[in-house]
Amino acid sequence: MKIAMVGSGYVGLVSGACFADFGHDVVCIDKDQGKIDRLHAGVMPIYEPGLDALVDSNVKAGRLSFTTSLAEGIQGASAIFIAVGTPSRRGDGHADLSYVHAVAREVGETLANDAVVVTKSTVPVGTGDEVERIIRDCAPSHRFAVVSNPEFLREGAAIGDFKRPDRIVIGAEDEFGRDVMREVYRPLFLNESPILFTSRRSSELIKYAANAFLATKITFINEMADLCEKTGANVQDVARGIGMDGRIGAKFLHAGPGYGGSCFPKDTLALLKTAEDYDSPVRIVEAVVKANDSRKRAMGRKVLEALGGMETARGKKAALLGLTFKPNTDDMRDSPAIAIAQTLVDAGVIVTAYDPEGMEQASPLMPDVTMCDSPYAAIEGADAVAIVTEWDAFRALDLDRVKALAHRPVLVDLRNIYRPDDMRAAGFAYSSIGRG
Ligand code: UDX
């Protein structure tokens, strides 16, 4: 089957490469000539483990190609995926649908065969109806259906998530749409991945509800962590204790500095806007967004405390280990590190940092922070070291070396990757999250 993937960003490229790997004939389309040129040269526009090899093998097998021409790329495709960005609209937090609508228009104007148009971009309820209207207005003479098929890929684990999904959600309004989608996902059908067929509107809402629920789970455990610190309980035990209840589940209960990334912050805001538009408040999600925002600066204050408090922090030095919103990505979007660094800089602290992949993206976001070549270079002379992102490279630091290099052996572990007893035995003044 021929598949066209419009938008070769994170979702489009990973999905396109995986579909090609299933044996489909995939064309990835993007307006950005530079990106397409780099892809032709085998250079990935994003950092995602395993993606370069997957792209390379499928290009060599002749199943994956790239073009800037939508009109050319969609010809003969039975499924045309829209996988362009839906960023938060400046000013109001609504999802910006201008790219989705523009693609729909171009598809409508150039479609030359029967096809299913599949929205993979995260879009508010009702967007599929609008996409259908736009295509119909352009009056193609061909049969088409508009289907919703949200993605649930995690950065850093995207290929595994695509090939072994917890579920595939397909929102279709007619049999033509369902039939083509069955064919698209046939290899996963055969693997017995659960596939949920539902209405287009339900499918669109499922994506937002899933992300808002996960953001709520994280924020819940983060607030429990604060309570643990005040009451002398241990949040990891609390998470384990509640997670063993099958109704709650153990995943997404790691307390930390707050969620970031390309999805949770943007999608929770967009859900609030939809709720407002439909006059149907989602108060829990409102509280989650507020709590997560204030948590990020609170984490900066936690590092300030380790430096001896706001009054004495000026002129002291803090080292941040990890800047990306999570490990195995170079993505800095809404990373807690940004607010943490800003809080420290505002208090007159000299900040150094190291991140295995994120420093290029981080530099313009934190111009006052000195980026270093290694964790140890960042730690040199530090009055406090803070682990902000749980990269594997920080899980087994040479603690003697850290102590010898740092000005004071103070470690703030915002991801709980070390054990308090071990760290105290190693001679560190150690603080972490929710382990009173
Ligand atoms: C998320 C969803 O998981 C994915 O299904 C969706 O398609 C896109 O958004 P992603 O943003 O890549 O994926 O990262 P994820 O692993 O979900 O982590 C998001 C944020 O939550 C990170 O900042 C992470 O550090 C934080 N987090 C996650 C926690 O603080 N605690 C947890 O237990 C889990």
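Order of appearance sets the numbers: ligands from 1, and atoms from 1 within every ligand.
- Nearest heavy atom pair, residue Gly300 against residue Leu344, reads O-CD2, 3.9 Å.
- What sits closest to atom 11 (O) of ligand 1 on the protein, heavy atoms only, is Phe325 CE1, 3.6 Å.
- In this structure, Arg178 fails the cation-pi test against Phe197, since its NZ or CZ atom is not both closer than 6.0 Å to the six-membered ring centre and inside 45 degrees of the ring normal.
- Protein heavy atom closest to atom 19 (C) of ligand 1, with residue, atom name and distance, is Phe264 CE1, 3.5 Å.
- Here the heavy atom of the protein found nearest to atom 17 (O) of ligand 1 is Phe252 CZ, 3.2 Å.
- Aromatic rings of Phe19 and Tyr185 (six-membered ring for Trp) have centroids within the 6.0 Å cut-off, being under it.
- Contact atoms of ligand 1 toward Asn211: 2 (C), 6 (C) (distance under 4.0 Å to a heavy atom of the residue).
- Of the protein's non-hydrogen atoms, the one nearest atom 7 (O) of ligand 1 is Leu153 O, 3.0 Å.
- Distance from atom 25 (O) of ligand 1 to its nearest protein heavy atom, with residue and atom name: Arg415 NH1, 2.9 Å.
- At a heavy-atom cutoff of 4.0 Å, ligand 1 is contacted by the backbone of Leu253 but not by its side chain.
- Proximity to Glu151 (heavy-atom distance under 4.0 Å) selects the following atoms of ligand 1: 7 (O).
- Counting only distance, with no hydrogens or angles, the side chain of Asp32 and the backbone of Gly34 share a donor-acceptor pair below 3.5 Å.
- Judged by distance alone, the side chain of His24 and the main-chain N or O of Val184 form a donor-acceptor pair under 3.5 Å.
- Ligand 1 has Lys207 within reach: a non-hydrogen atom of the residue lies less than 4.0 Å from it.
- Pairing each heavy atom of Ala17 with each of Leu54, the nearest pair is CB-CD2, 3.7 Å.
- Among all heavy-atom pairs drawn from Thr389 and Thr324, the shortest one is OG1-O, 2.7 Å.
- In this structure, Ser262 does not count as a contact residue of ligand 1, since none of its heavy atoms falls inside 4.0 Å of the ligand.
- Comparing Pro327, Ala239, Cys263, Ala250 by heavy-atom distance to atom 8 (C) of ligand 1, the nearest is Cys263.
- Formation of a donor-acceptor pair under 3.5 Å by the Ser294 side chain with backbone atoms of Lys290 is found in this model.
- Between the side chain of Ser203 and the backbone N or O of Ser199, no donor-acceptor pair lies under 3.5 Å.
- Neither the backbone nor the side chain of Lys251 comes within contact range of ligand 1; no heavy atom lies under 4.0 Å.
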Glu204 and Thr127: CA distance, side-chain angles, deciding distance, side chain to side chain donor-acceptor pair (under 3.5 Å) verdict:
CA-CA 8 Å; Glu204 288 166 340; Thr127 303; 4.8 Å; no
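- Inclusion of Gly261 in the set of residues having an N or O under 3.5 Å from an N or O of ligand 1 is not warranted.
- Protein heavy atom closest to atom 5 (O) of ligand 1, with residue, atom name and distance, is Phe152 O, 3.1 Å.
- Among Asp422, Asp421, Asp413, the one residue that satisfies the side chain to side chain donor-acceptor pair (under 3.5 Å) test with Tyr430 is Asp413.
- Of the protein's non-hydrogen atoms, Arg154 CG, 3.3 Å is the one closest to atom 3 (O) of ligand 1.
- Atom 30 (O) of ligand 1 has its closest protein heavy atom at Ile218 CG2, 3.5 Å.
- Nearest-residue assignment for atom 14 (O) of ligand 1 (options Lys326, His254, Lys266, Glu155; heavy-atom criterion): Lys326.
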